[in-house]
Amino acid sequence: MTEQMNVPKLRFSEFEGKWNTKKVKDICPLQRGFDLPTTQVVAGEYPVVYSNGIGRFHAEYKAKAPGIVTGRSGTIGNLTFVEHDYWPHNTSLWVTNFFDNDVKFIFYLLNKLDLKRFSTGSGVPTLNRNDVHAHKTTVPNPREQQKIASFLSKVDEKIGLLSEKKDKLTEYKRGVMQQLFNGKWHEQDGQLTFTPPTLRFKADDGSEFPDWEEKKLGDVCEFRDSQRLPLSSEERQQRQGQYRYFGASGVIDYVDDYLFDGDFVLLGEDGANIITRSTPLAFVVKGKFWVNNHAHVLKALDSTYFLAQSLELLNYEKYNSGTAQPKLNAATCKKIELIMPYDAEQTKIANFLSAIDQKIDLTNSELNKAKEWKRGLLQQMFV
């Protein structure tokens, strides 16, 4: 059976027959939300749904639950399923009538339609609801809708549990790191005293490791920045290949050659990520790769992984040498102050944190597979 016959590729066995073709306006018409300036929000129990989701809670509501809201301007295509009476903000569009269709089914149907493709405007994207309304799609009878919605809801539950597990592991690692890296030297009664980290490892024979030492970043690694070489987008296009091309926050392309081979730490040199920390500022890269001039390349003298973890917790604002654009130049980076343990304790800490990272990576892999599975289901369970 084909999509041209108005029958999905993947279907529950108890259902048969063609789905009905209708315009979106006859299935789930959209209407612009209601103005609500931030200054007029009165704290309450009803969610205010903006273009990118629930942002505040207000004392009044405009629409009854359950509901579906999507971005009208700015953030386009994201859908929010609302389970409580709510206030759809004027930056959003909300479904005003479900015409006895299953609400959760409509949520998945709109996901499958990909509303971003109906956006207009080159500056701030705007969702053209007239184009959405005129679009034709197909729907089954309410009983089949409920079956599909119930199945996909279970898939979402699995995705939600995996996402929650990843967040908890990430938060656990951050908490452990704060206890592992909070040791410091300070002056007390005219003498330097070392306050050890809250969480500390012992040597294999049960003895205490020596006090950590104050060092500069330039003392614990070699800067290999002189080997970096930026390539323009046109050059990268002409040199497509298998080797990773890194920028300040990760891989941005693949090219036909490499500059580095081994274990290194990349430290973002410039960009808003220095302040926002939206992605790791310091990360380990292994193997063969290319780096542009937006990330420092560090070769650790001891544990590569430990060095990356040490750098990730630092407050970089005091080292920022940029003005309009945040920047960490090499001369400043070499003076970054670190408190470092001896090799054996570095190894124990690195192994412990690496084990947590492996759990996070495994959970993230399972999460991505579940999301990919859902995308495939949306393509096959809808016409």
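A quick note: this is a predicted structure, and the numbers were derived from the prediction, not measured.
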*Asks:* Can you get from Val284 to Ile252 by hopping between Ile, Leu, Val, Met, Phe, Trp and Tyr side chains that sit under 4.5 Å apart?
*Replies:*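 In one cluster with Val284: Ile252, no.
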*Asks:* Which word best sums up how the rings of Trp185 and Phe194 line up, parallel for under 30°, tilted for 30 to 60°, or perpendicular for over 60°?
*Replies:*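 The rings of Trp185 and Phe194 sit tilted, inter-plane angle from 30° to 60°.
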*Asks:* Answer with yes or no whether the side chains of Thr332 and Asn329 bring together a donor and an acceptor at under 3.5 Å.
*Replies:*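 A pair is found: one side chain offers a donor N or O, the other an acceptor, under 3.5 Å apart.
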*Asks:* Between Leu217 and Leu298, is there a side-chain heavy-atom distance shorter than 4.5 Å?
*Replies:*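 Leu298 reaches Leu217 side chain to side chain.
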*Asks:* Can you tell me how the ring of Phe34 sits relative to the ring of Trp94, calling it parallel under 30°, perpendicular over 60° and tilted otherwise?
*Replies:*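 Judged by the thresholds at 30° and 60°, the geometry between Phe34 and Trp94 is tilted.
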*Asks:* Evaluate the side-chain proximity of Tyr61 to Pro47: yes if any heavy-atom separation is below 4.5 Å, no if none is.
*Replies:*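 With C-beta onward as the side chain, the pair stays apart.
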*Asks:* Taking side-chain hydrogen bond (donor to acceptor under 3.5 Å, both in side chains) as the criterion, tell me which of Asp361, Asn364, Thr363 meets it with Lys166.
*Replies:*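 The passing option is Asn364.
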*Asks:* Rounded to the nearest 0.5 Å, what separation is found between the CZ atom of Phe201 and the CG atom of Asn351?
*Replies:*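 The distance works out to 8.5 Å.
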*Asks:* Does the side chain to side chain contact (heavy atoms under 4.5 Å, CB included) test come out yes or no for Ser249 and Phe283, once each step is laid out?
*Replies:* CA-CA 9 Å; Ser249 56; Phe283 48 94; 5.6 Å; no
*Asks:* Take Asn20 and Thr138 through the side-chain hydrogen bond (donor to acceptor under 3.5 Å, both in side chains) test and state the conclusion after the steps.
*Replies:* CA-CA 5 Å; Asn20 298 315; Thr138 57; over 6 Å; no
*Asks:* Tell me yes or no: between the side chains of Asp357 and Tyr305, is some donor less than 3.5 Å from an acceptor?
*Replies:*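 Short answer, yes.
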*Asks:* Do Glu269 and Arg228 meet the salt-bridge criterion of a basic N to acidic O distance under 4.0 Å?
*Replies:*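 Yes, charged N to carboxylate O under 4.0 Å.
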*Asks:* Side chains of Asn52 and Thr80: does their closest heavy-atom pair fall under 4.5 Å?
*Replies:*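 With C-beta onward as the side chain, the pair stays apart.
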*Asks:* Could you tell me the separation between the CH2 atom of Trp373 and the CD1 atom of Ile159, rounded to the nearest 0.5 Å?
*Replies:*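 Rounded to the nearest 0.5 Å, the CH2-CD1 separation comes out at 8.5 Å.
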*Asks:* Between Asp102 and Lys104, does at least one N-O distance fall below 4.0 Å, as a salt bridge requires?
*Replies:*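 Salt bridge flag = no for Lys104 with Asp102.
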*Asks:* List the steps, then state whether salt bridge (charged side-chain N to carboxylate O under 4.0 Å, His left out) holds for Glu234 with Arg239.
*Replies:* CA-CA 9 Å; Glu234 291 79 9; Arg239 301 186 56 175; over 6 Å; no
*Asks:* Please assess Asp131 against Arg117 for the test salt bridge (charged side-chain N to carboxylate O under 4.0 Å, His left out), listing each intermediate value before the final yes or no.
*Replies:* CA-CA 10 Å; Asp131 289 345; Arg117 61 194 174 107; over 6 Å; no
*Asks:* Quick one: does NZ or CZ of Arg236 land under 6.0 Å from the six-membered ring centre of Tyr245, within 45 degrees of the ring axis?
*Replies:*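 Satisfied, under 6.0 Å and within 45°.
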*Asks:* Can you confirm whether Val82 sits close enough to Ile68 that some side-chain heavy atom of one is under 4.5 Å from a side-chain heavy atom of the other?
*Replies:*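 Val82 does not reach Ile68 side chain to side chain.
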*Asks:* Tell me whether the count of non-hydrogen atoms from other residues, nucleotides or ligands lying under 6.0 Å of OH in Tyr342 goes above 12.
*Replies:*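 It does not: Tyr342 OH has 12 such atoms or fewer within range.
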*Asks:* Look up atom CZ in Arg129 and atom CZ in Phe118, then write down how far apart they are to the nearest 0.5 Å.
*Replies:*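 If we round to the nearest 0.5 Å, Arg129:CZ and Phe118:CZ are 14.5 Å apart.
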*Asks:* Show your working on side chain to side chain contact (heavy atoms under 4.5 Å, CB included) between Ile106 and Ile27 and close with a plain yes or no.
*Replies:* CA-CA 8 Å; Ile106 297 301; Ile27 301 172; 3.4 Å; yes
*Asks:* Look up atom CG in Leu10 and atom CG in Leu378, then write down how far apart they are to the nearest 0.5 Å.
*Replies:*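 Those atoms lie 11.0 Å apart.
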*Asks:* Take atom CD of Gln191 as the centre, draw a 6.0 Å sphere, and report whether it contains more than 12 heavy atoms from other residues, nucleotides or ligands.
*Replies:*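 At most 12 heavy atoms, drawn from other residues, nucleotides or ligands, come within 6.0 Å of this atom.
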*Asks:* For residues Phe382 and Phe105, establish whether the separation of their ring centroids is below 6.0 Å.
*Replies:*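 Yes, the ring centres sit under 6.0 Å apart.
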*Asks:* Could you tell me whether Glu345 and Arg200 make a salt bridge, using a distance below 4.0 angstrom between a side-chain N and a carboxylate O?
*Replies:*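 Salt bridge between Glu345 and Arg200, a charged N being under 4.0 Å from a carboxylate O: yes.
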*Asks:* Is a donor from one side chain sitting under 3.5 angstrom from an acceptor on the other, for Asp256 and Gln242?
*Replies:*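 Gln242 and Asp256 do not have a side-chain donor-acceptor pair below 3.5 Å.
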*Asks:* Can you measure from CZ (Arg11) to CE (Met381) and round to the nearest 0.5 angstrom?
*Replies:*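 Result: 10.5 Å between the selected atoms.
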*Asks:* Got a donor-acceptor contact below 3.5 angstrom from the Glu187 side chain to the Leu192 backbone?
*Replies:*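 Checked: no pair found.
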*Asks:* Rounded at 0.5 Å granularity, tell me how far CG in Asn128 sits from CG in Leu30.
*Replies:*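 The CG atom of Leu30 is 11.0 Å from CG of Asn128, to the nearest 0.5 Å.
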*Asks:* If only side-chain N and O atoms count, and only distance matters, is there a donor-acceptor pair under 3.5 Å linking Ser51 with Asn78?
*Replies:*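 Result is no, nothing qualifies.
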*Asks:* Leu93 and Val103: same hydrophobic cluster, using ILVMFWY side-chain contacts below 4.5 Å?
*Replies:*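 Yes, because Leu93 and Val103 connect within a single hydrophobic cluster, where side-chain heavy atoms sit under 4.5 Å apart.
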*Asks:* If only atom types and distance count, is the side chain of Asp85 paired as donor or acceptor with the main-chain N or O of Tyr46 below 3.5 Å?
*Replies:*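 No; judged by distance alone, with no hydrogens or angles, the pair does not exist.
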*Asks:* Could you check whether any side-chain N or O of Lys299 sits under 3.5 Å from a backbone N or O of Asp263, counting only pairs where one atom can act as donor and the other as acceptor?
*Replies:*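 Yes: the side chain of Lys299 pairs with the backbone of Asp263.
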*Asks:* Would you mind reporting whether Ile360 and Thr170 have side-chain heavy atoms less than 4.5 Å apart?
*Replies:*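 Yes, at least one pair of side-chain atoms sits under 4.5 Å.
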*Asks:* Among Phe264, Tyr243, Tyr258, which residue meets the ring-ring contact (aromatic ring centres under 6.0 Å, His included) test with Phe289?
*Replies:*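 The residue from Phe264, Tyr243, Tyr258 that satisfies ring-ring contact (aromatic ring centres under 6.0 Å, His included) with Phe289 turns out to be Phe264.
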*Asks:* Quick one: does any side-chain atom of Ser310 pair with a main-chain N or O of Phe306 as donor and acceptor, under 3.5 Å?
*Replies:*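 A pair under 3.5 Å: yes.
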*Asks:* Looking only at side-chain N and O atoms, does Gln145 offer a donor or acceptor that is under 3.5 Å from a partner on Asn101?
*Replies:*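 Indeed, the side chains of Asn101 and Gln145 share at least one donor-acceptor pair under 3.5 Å.
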*Asks:* Does NZ or CZ of Lys147 lie under 6.0 Å from the centre of the six-membered ring of Phe12, at an angle within 45° of the ring axis?
*Replies:*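 Relative to the ring axis of Phe12, which defines the angle, Lys147 lies inside both limits.
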*Asks:* Determine yes or no for a side-chain-to-main-chain donor-acceptor pair under 3.5 angstrom, with Trp19 supplying the side chain and Pro8 the backbone.
*Replies:*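 Checked: no pair found.
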*Asks:* Quick check on the hydrophobic clustering: are Val139 and Phe151 connected, directly or via other members, by side-chain heavy-atom contacts under 4.5 Å?
*Replies:*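 Yes; Phe151 is reachable from Val139 via cluster members.
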*Asks:* Would you call Lys168 and Glu164 a salt bridge, using N to O less than 4.0 angstrom?
*Replies:*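 The answer is yes: the pair qualifies as a salt bridge.
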*Asks:* Under a 3.5 Å distance rule, please check whether His89 uses its side chain to pair with a backbone N or O of Gly53 as donor and acceptor.
*Replies:*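 It does not hold such a pair.
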*Asks:* Looking only at the side chains, is there a donor atom on one of His186 and Thr193 sitting less than 3.5 Å from an acceptor on the other?
*Replies:*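 Thr193 and His186 do not have a side-chain donor-acceptor pair below 3.5 Å.
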*Asks:* Any donor-acceptor pair under 3.5 Å linking the side chain of Arg244 with the backbone of Tyr254?
*Replies:*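 A pair under 3.5 Å: no.
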*Asks:* Using a 6.0 Å cut-off, check whether atom CZ of Arg375 has over 12 heavy atoms from anything other than its own residue.
*Replies:*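 Yes.
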*Asks:* Is it true that Lys173 and Gln309 share a donor-acceptor pair across their side chains at a distance under 3.5 Å?
*Replies:*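 Short answer, yes.
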*Asks:* Decide whether a cation-pi geometry holds between Lys62 and Tyr86; the criteria are a distance under 6.0 Å from NZ or CZ to the six-membered ring centre and an angle within 45° of the ring axis.
*Replies:*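 Here Lys62 fails the 6.0 Å and 45° test against Tyr86.
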*Asks:* Any side-chain heavy atom of Asn292 within less than 4.5 Å of one from Phe246?
*Replies:*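 Sidechains of Phe246 and Asn292: no contact.
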*Asks:* Do the charged groups of Asp261 and Lys286 touch, with an N to O distance under 4.0 Å?
*Replies:*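 Lys286 and Asp261: not salt-bridged.
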*Asks:* If you define the side chain from C-beta out and look only at heavy atoms, does anything of Phe260 sit under 4.5 Å from Gln227?
*Replies:*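 When only atoms from C-beta onward are counted, Gln227 and Phe260 do touch, with a gap below 4.5 Å.
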*Asks:* Are Leu199 and Pro197 close enough that some pair of their side-chain heavy atoms sits under 4.5 Å apart?
*Replies:*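 No, side chains not in contact.
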*Asks:* Would you indicate whether Asp114, at its atom CG, is surrounded by more than 12 heavy atoms from other residues, nucleotides or ligands within a distance under 6.0 Å?
*Replies:*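 Yes, CG of Asp114 has more than 12 neighbouring heavy atoms, counting only those of other groups under 6.0 Å.
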*Asks:* Evaluate side-chain hydrogen bond (donor to acceptor under 3.5 Å, both in side chains) for Asp253 paired with Gln240, printing each intermediate quantity in order.
*Replies:* CA-CA 8 Å; Asp253 213 335; Gln240 289 293 296; 3.2 Å; yes
*Asks:* Does a side chain donor of either Thr198 or Asn182 reach within less than 3.5 Å of an acceptor in the other side chain?
*Replies:*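 Yes, because at least one side-chain N or O of Thr198 sits under 3.5 Å from a partner of the opposite role on Asn182.
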*Asks:* Could you pull out all residues at least two apart from Arg56 that satisfy salt bridge (Lys or Arg N to Asp or Glu O under 4.0 Å)?
*Replies:*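 Partners of Arg56 under the salt bridge (Lys or Arg N to Asp or Glu O under 4.0 Å) test: none.
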